[in-house]
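Whatever order the structure lists them in is the order used to number ligands and atoms, beginning at 1. Just so we're clear, the structure is a prediction, and the values are computed from it rather than from any experiment.
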Amino acid sequence: MESQTSFVNGLLSLQHYDSDLKNIAEKVYRQERITEAEGLLLFEKADLNFVGALANHVRERLHGNKTYFNRNFHIEPTNVCIFTCGFCSYSRTYKNKEDGWELSLEQMMDIVRKYDGEPVTEVHIVGGVHPKMNLDFFCDLLTRIKEHRPDLHRKGFTAVELDYMIRKAKLSIEDGMRKLRDAGLQSLPGGGAEIFAQEVRDEICPDKVDGEGWLHIHETAHNLGMHTNATMLYGHVETYAHRIDHMSQLRNLQDKTGGFNCFIPLKFRNRDNDMSYLTESTIVEDLKLYSIARIFLDNFKNIKAYWPMLGRQTAQLTLDYGVNDLDGTIDDTTKIYTMAGSEEQTPSMTTEQLCDLIHAAKRLPVERDTLYNEIHVYEETQA
Ligand code: V47
Ligand code: SF4
């Protein structure tokens, strides 16, 4: 019988993995980029232990135990939307707009004023695509926020919202983005990317901006000096090859501009939407995806787990599978996921709770601003 020592050695060494997987491990160790084919192989052949160990190696090489979060709140101007994404539990059609909400400029400024004197550093503005909320309306909102509280970083509008409002204003993407930037927009969130491949978009979000358009808007933002985030909605009808293609297009753009702050995988949630017949991915699949993203996206500094969607415990687990950022305190100001059946029905954590969660996972909480400048390192809970 095998001795216990050699059994443990065998488990922990690469011996029982095939040579292709061993080559990938060696490449990651040597800090070489893995190819699309190798990324695909990780999805198809590698187990969670394998990708998790590699991803954690990369995570710790880049960040040690540091785990970032920020203090932010969301403004969701409306959930009325002209588009018909099958996975969306949040939007209401214009015809049924009485079932949704539409905030006025003053109502949105009331939300901003509620945080006067609070140590938040970012406002995240995102919502549906309302046919009557136009570019000038959002420029006014940005200017009002900037005048009221210049230090609050204004991150807003998915490429889907931007594409619509800029086209409606009959401007080029570059001119529209410049106008928004001059009004006060500083960064873009990563929403609307879903899966870039058109055959998947035809099934899940046929009528909004396509993958090329999404990438063009982010590239334009980068060229205008703004930073942006990137997302990928996974766990629905896409294949592993679609995921790799999506991440590869992001990696190529990041090579060109360096403008992405982070990558955020978004797990498809199936409550109350037109794709409710699909089963949600398992936690093992989720952790594998986070790990492979960490390994594949060698030019992305940060991988973020959005805890309101995953739930606190799974978010905590992701910290051992490549993730080094947990988004923010959020203060119960978003409905996008609560309406889709996420674990967190009232997503809000105090800084102390977020730090406790990170410490409990044996990691080091660091408050950051939107651009990942460090604000405070919480050596021990003292929030
Ligand atoms: O594009 C919508 C996703 C996104 C569902 O940049 C769903 O910091 C899962 O992008 N199940 C919008 N996901 C939100 C978003 C985001 C969130 C947090 C932080 C940042 C950031 C960006 O939400 C959409 C879509 O991919 N989504 N419905 C659903 N049922
Ligand atoms: Fe509209 Fe966004 Fe929902 Fe699609 S995901 S229907 S664009 S709110």
Side-chain angles (χ1 to χ4, degrees), residues 68-70 72-74 76-94 96 100-101 122-131 133 153 155-165 187-196 200-201 204-211 214 218 221 226-236 238 246 260-276 278 280-281 286 302-310 315 325-328 330 333-344 347 368 370-372:
Y68 295 101
F69 68 93
N70 74 349
N72 62 352
F73 63 96
H74 289 221
E76 296 181 353
T78 183
N79 68 338
V80 173
C81 189
I82 58 164
F83 295 121
T84 58
C85 306
F87 54 79
C88 184
S89 323
Y90 162 86
S91 63
R92 298 294 175 262
T93 58
Y94 188 63
N96 295 322
W101 68 84
E122 174 191 281
V123 54
H124 177 152
I125 310 165
V126 70
V129 178
H130 191 298
M133 291 182 174
H153 187 104
K155 177 175 98 183
F157 313 117
T158 63
V160 179
E161 295 164 274
L162 292 166
D163 176 66
Y164 182 81
M165 70 173 91
S187 303
L188 310 190
E194 322 315 355
I195 288 282
F196 291 140
V200 175
R201 293 184 99 76
I204 69 168
C205 55
D207 44 8
K208 69 185 185 188
V209 68
D210 62 12
W214 189 99
H218 282 255
M226 293 186 251
H227 280 83
T228 76
N229 293 342
T231 58
M232 176 170 80
L233 179 72
Y234 72 93
H236 42 88
E238 88 288 2
H246 185 96
F260 286 117
N261 270 336
C262 71
F263 178 66
I264 316 163
L266 295 171
K267 173 194 174 98
F268 165 67
R269 307 303 309 240
N270 67 6
R271 192 198 291 166
D272 291 337
N273 56 48
D274 290 346
M275 288 163 49
S276 295
L278 293 173
E280 291 180 357
S281 58
D286 298 336
N302 303 294
I303 306 289
K304 186 199 279 191
Y306 190 58
W307 67 264
M309 177 191 57
L310 284 175
D325 183 26
L326 287 184
D327 198 83
I330 299 169
T333 47
T334 177
K335 292 203 170 53
I336 294 179
Y337 292 107
T338 43
M339 291 169 80
S342 62
E343 315 305 318
E344 300 288 337
R368 60 161 175 88
T370 311
L371 304 179
Y372 287 82

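Set against the non-hydrogen atoms of Lys155, the atoms of ligand 1 under 4.0 Å away are 8 (O), 21 (C). For ligand 1, the atoms lying closer than 4.0 Å to a non-hydrogen atom of Gly192 are 1 (O). Annotation for ligand 2: atoms under 4.0 Å from non-hydrogen atoms of Gly128 are 8 (S). Listed by number with element, the atoms of ligand 1 under 4.0 Å from a non-hydrogen atom of Asn273 are 30 (N). Applying the 4.0 Å criterion to heavy atoms of Phe87 picks out, from ligand 2, the atoms 5 (S).
Any N or O atom pair closer than 3.5 Å counts here, and His74 shares no such pair with ligand 1. Residue Lys304 places at least one N or O, backbone or side chain, under 3.5 Å from an N or O of ligand 1.
When every heavy atom of Thr231 is checked against every heavy atom of Gly192, the shortest pair comes out as OG1-N, 4.4 Å. The minimum heavy-atom distance between Leu188 and Lys155, with the atom names listed, is C-CG, 4.0 Å.
Partner Glu194 forms a side-chain contact (heavy atoms from CB on, under 4.5 Å) with one of Phe268, Tyr234, Phe87 and no other, that one being Phe87. Shown are Lys267, Arg269, His236; of these, the side-chain hydrogen bond (donor to acceptor under 3.5 Å, both in side chains) with Glu280 is made only by Arg269.
When non-hydrogen atoms are compared, ligand 1 lies under 4.0 Å from neither the backbone nor the side chain of Arg271. Proximity of Tyr306 to ligand 1, defined as any heavy-atom pair under 4.0 Å, is confined to the side chain (atoms from C-beta onward). Residue contacts with ligand 1, taken as heavy atom pairs separated by less than 4.0 Å, do not involve Val126 at all.
For atom 1 (Fe) of ligand 2, the closest heavy atom belonging to the protein is Cys81 SG, 2.3 Å. If you check which protein heavy atom lies closest to atom 3 (Fe) of ligand 2, you get Cys88 SG, 2.4 Å. Of all protein heavy atoms, the one closest to atom 4 (Fe) of ligand 2 is Cys85 SG, 2.3 Å.
Within the 4.0 Å heavy-atom cutoff, Thr158 does not count among the residues contacting ligand 1. The closest approach between Met275 and ligand 1 stays at or above 4.0 Å for every heavy atom of the residue.
Ring orientation note: the planes of Phe196 and Trp214 are tilted relative to one another, at an angle of 30° to 60°. Relative ring orientation between His124 and His74 is described as parallel, the plane-to-plane angle staying below 30° on a 0-90° scale split at 30° and 60°.
Ser89 has its side chain out of reach of Arg271: every pair of non-hydrogen atoms, C-beta onward, lies at least 4.5 Å apart.
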